[in-house]
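A short worksheet on the structure shown next.
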Amino acid sequence: MKPARVRFAPSPTGRLHIGGARTALYNVLLAKQTGGQFILRIEDTDTKRTVAGALEELQAGLRWLGLDWQEGPDIGGPHAPYTQQARKALYQRYAEELLARGHAYRCFCTAERLQQVREAQQKAKQSPRYDGTCRALSPVEAERRAAAGEPFTIRFKLPKDGATTAHDHVRGDITVDNTTLDDFILVKSDGLALYHLAAMVDDHEMGISHVLRGTEWLGTFPLHVLIIRAFGWEEPVWCHLSVFLKPSGKGKMSKRDVTSEQSIYVAELEELGYLSEAVNSWMALMGASFGAEEELLSLDEMAARFDLGNLNPSAARVNFEKLDDFNGKWIRRLAVDDLAGRVRPFFEKAGLHPDPDTLRRVTPLFQPRIVTLDDAVEMAGFFFRPAVSPRPEDLLIKGQTPEQSRAALQAARTGLAAVPEWQHAALEAPMRALAESLGLKAGQFFGVLRAAVTGQSVSPPLFECMEVVGRETTLARLAQAEALVGPA
RNA sequence: GCCCCUAUCGUCUAGUGGACCAGGACGCGGCCCUUUCAAGGCCAAAACUGGGGUUCGAAUCCCCAUAGGGGCACCA
């Protein structure tokens with residue numbers, strides 16, 4: 001396959017969410033696979049909707065996911081600039097070409113009039129469509145009014161009859177009756193092009209070979225093809241990707257409909273403790289298949305297996321359980337040092353400052369026990385806190401008096417103090433023996449010791465914890481527990 | 001209201017006319033392992049939306065119905 005030139009062309013109007021990120025991902029995969037280029041282009045022709053900071057978050061999100069671009073607004077490239085506002089003059093030129101060749105006309109209707117027409121049509125249960133008033137104007141008359149300073153938009157002149165067939169690679173031919181299409185606006189009265197014109201011009205100018213975009217564009221797809229044909233340009237390969245639906249399956253995915261532990265925003269997923277690898281694997285599999293038994297694939301592995309023919313045309317419900325599963329699995333695959341490094345910011349955020357050495361020893365202990373990086377704080381935070389505060393009821397042996405529990409704790413402390421080498425393997429045997437001599441089940445006894453030493457009822461294996469916590473601290477925490485259970 | 005798209009286990013999907021009494025993963029249930037919690041291993045339940053065609057043969061092709069989704073701006 002020839003090197004593909006692909007692009008991700010978001011508008012800077014909101015946050016990067018998994019729908020957009022997945023579109024970017026598929027584009028990147030195709031570029032990687034074919035040794036082509038992935039281009040980031042900003043569709044900011046609607047100046048009113050631009051949101052401050054959106055572009056920055058967008059780029060940060062893509063970078064975090066490892067979806068790097070070879071040409072873009074920040075790094076430039078052979079077709080700079082990569083923001084559409086800055087390309088205004090280019091679209092103007094092309095619009096005039098369409099005007100000159102009779103594929104477009106000037107429209108002097110005001111926004112207010114258009115609004116009224118539309119409302120009347122809707123009231124009459126008709127499809128809202130431009131009524132063609134200015135299409136009937138002679139070019140000479142239109143020229144005169146424009147020269148007189150009357151504001152106008154430029155509309156595309158659609159074929160009055162017949163049908164248009166456009167080819168989508170994932171759905172096949174799509175045919176629409178031209179009478180159902182509208183003489184849509186190419187250039188606004190402020191002189192800036194609308195998406196439809198701007199995107200087609202840019203795709204052409206930038207040599208885009210494949211357009212992978214969301215299904216929200218399927219409705220205007222024939223329009224875009226018509227523009228390209230009016231210019232006589234070569235068409236890219238079109239792939240309209242399926243949408244993500246809410247977990248409930250009712251409607252397009254949105255911010256609502258997810259719990260506080262979930263998010264559809266890439267930036268929030270990162271904050272929640274998800275790995276970019278897991279997010280990529282997860283997004284990739286909702287809407288495509290990679291012909292592999294293994295579901296957890298790196299970007300390079302996915303690129304090698306990516307196939308435009310395996311894109312799924314139907315909508316997919318977002319499934320957060322699967323993300324959790326993938327994240328846990330990716331965490332378990334990480335090298336210890338890698339995981340330790342990734343988990344550190346989450347401890348810091350919780351106000352803990354693990355020393356590197358201890359963190360490295362502790363990491364294998366929580367590695368199989370966490371789903372998100374953030375979980376490590378709950379599971380292993382006690383290693384880095386100066387003191388623990390167990391719940392008194394966790395210190396009591398079920399069915400026994402507080403005195404007996406205290407005695408057991410004390411016996412453990414004495415026994416542990418006598419162990420010559422402070423290693424978890426050496427700690428376990430005497431404690432098991434002690435449990436037996438106290439007439440307790442090991443699990444019961446260990447549960448109390450766990451609460452005393454870790455302050456938690458759930459923790460990594462007890463003796464590993466003791467080893468890392470150290471002899472002195474372990475014994476001190478046992479003594480504290482005795483006091484908590486009651487006076488001697 | 002109009003246009004377009006889609007339709008396999010609860011969910012993500014495999015399946016591209018015979019190799020399918022439909023395979024995998026998540027989730028759910030059970031068992032094993034086990035000091036808690038996990039992880040890990042094993043086992044199980046669970047689907048071709050309905051109806052018509054085409055064909056020797058249909059989950060796969062066609063039509064209709066139904067359901068779901070997307071779109072119908074001087075937004076993208």
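Below, read A as the first sequence line, B as the second, and so on, with proteins coming before strands; counting in each chain starts at 1. Scope of the values below: all heavy atoms of this structure, side chains included, with no hydrogens, waters or symmetry mates.
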Whole-angstrom distance between [N] and [M], as gauged at atom [atom1]:
N     : M     : atom1 : answer
B/A45 : B/G29 : C1'   : 8 Å
B/C32 : B/C21 : C1'   : 31 Å
B/C61 : B/A46 : C1'   : 29 Å
B/U16 : B/G70 : C1'   : 26 Å
B/C3  : B/A73 : P     : 16 Å
B/C43 : B/C48 : P     : 24 Å
B/A58 : B/G52 : P     : 13 Å
B/C62 : B/A25 : P     : 32 Å

Only pairs with both distances under 3.5 Å count, Watson-Crick or wobble alike; so what is the partner of [N] in this structure?
N     : value
B/C2  : B/G71
B/A47 : none
B/C9  : none
B/G17 : none
B/G57 : none
B/C42 : B/G30

Please state whether the rings of [X] and [Y] are parallel, tilted or perpendicular, taking 30° and 60° as the class boundaries.
X        : Y        : answer
A/Tyr26  : A/Phe290 : tilted
A/His224 : A/His196 : tilted
A/Trp282 : A/Phe320 : tilted

Which pairs with one or both residues in residues 424-452 of chain A pass ring-ring contact (aromatic ring centres under 6.0 Å, His included), sequence neighbours excluded?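 Pairs touching residues 424-452 of chain A that pass the test: A/Phe446-A/Phe463.
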Any donor-acceptor pair under 3.5 Å joining the side chain of A/Ser127 to the base of B/C72?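 In this structure, the two groups form no donor-acceptor pair.
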Lys/Arg N to Asp/Glu carboxylate O, [X] vs [Y], below 4.0 Å:
X        : Y        : result
A/Arg342 : A/Glu277 : yes
A/Arg369 : A/Glu464 : no
A/Glu295 : A/Lys322 : yes

Counterpart residues, ring pair (Phe, Tyr, Trp, His ring centres under 6.0 Å), relative to A/Phe384 (two or more places apart):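 A/Phe384 satisfies ring pair (Phe, Tyr, Trp, His ring centres under 6.0 Å) with A/Phe347 only.
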When you get a sec, tell me which of [options] is the closest nucleotide to the side chain of [X]?
X        : options             : result
A/Lys252 : B/G70, B/C75, B/A76 : B/G70
A/Asp325 : B/C4, B/G24, B/C26  : B/C26
A/Tyr195 : B/A76, B/C4, B/G27  : B/A76
A/Pro128 : B/G69, B/C75, B/C72 : B/C72

Donor-acceptor pairs under 3.5 angstrom involving side-chain atoms of residues 304-312 of chain A: please list them, not counting sequence neighbours.
unit_1   : atom_1 : unit_2   : atom_2 : d
A/Arg305 : NH1    : A/Gly291 : O      : 3.3
A/Asp307 : OD1    : A/Gly309 : N      : 2.8
A/Asn312 : ND2    : A/Ser314 : OG     : 2.8

Nucleotide [N], atom [atom2] - distance to [atom1] of [X] in whole Å:
X        : N     : atom1 : atom2 : result
A/Asp183 : B/C3  : CG    : P     : 19 Å
A/His196 : B/G71 : NE2   : C1'   : 11 Å
A/Ile185 : B/C72 : CD1   : P     : 14 Å
A/Phe108 : B/C74 : CZ    : C1'   : 14 Å
A/Leu223 : B/A76 : CG    : P     : 13 Å
A/Asn178 : B/C4  : CG    : P     : 12 Å
A/Asp46  : B/C75 : CG    : P     : 5 Å
A/Asp168 : B/C4  : CG    : P     : 15 Å

Pairwise side-chain contact, A/Arg106 with A/Leu137, heavy-atom cut-off 4.5 Å (strictly under):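 Counting from C-beta outward, A/Arg106 and A/Leu137 never come under 4.5 Å.
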Among side-chain atoms of [X] and [Y], is any donor-acceptor pair under 3.5 angstrom?
X        : Y        : answer
A/Thr372 : A/Asp374 : no
A/Ser242 : A/Arg22  : yes
A/Arg118 : A/Gln121 : no

Phosphate-side-chain proximity, A/Thr215 and B/C4, N/O vs OP1/OP2 below 4.0 Å: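 Result: no.
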Using a cut-off of 4.0 Å on non-hydrogen atoms, how would the nucleic acid contact of [X] be classed: base, sugar-phosphate, or nothing?
X        : result
A/Thr180 : sugar-phosphate
A/Leu194 : sugar-phosphate
A/Cys107 : nothing

Quick check on RNA chain B: between A/Thr175 and A/Lys48, whose nearest nucleotide comes earlier from the 5' end?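 The 5'-side residue here is A/Thr175.
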Determine, for A/Phe152 and A/Arg145, whether the Lys NZ or Arg CZ falls below 6.0 Å from the six-membered ring centre while staying within 45 degrees of the axis.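 No, A/Arg145 does not lie over the aromatic ring of A/Phe152.
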Distances under 3.5 Å only, N/O to N/O: pair up the protein atoms with those of nucleotides 42-48 of chain B.
none

I'd like to compare against my own output: the B/S/- annotation of nucleotides 29-40 of chain B with a strict under-4.0 Å heavy-atom distance to protein. ------BBBBSS
Would you give a per-nucleotide map of nucleotides 6-17 of chain B, 5' to 3', where B means the base has a protein non-hydrogen atom under 4.0 Å away, S means only the sugar-phosphate does, and - means neither? SS---BBSS---
Using salt bridge (charged side-chain N to carboxylate O under 4.0 Å, His left out) as the criterion, point out the one residue from A/Lys88, A/Arg87, A/Arg7 that pairs with A/Asp202.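 Looking at A/Lys88, A/Arg87, A/Arg7, the match for A/Asp202 under the salt bridge (charged side-chain N to carboxylate O under 4.0 Å, His left out) is A/Arg87.
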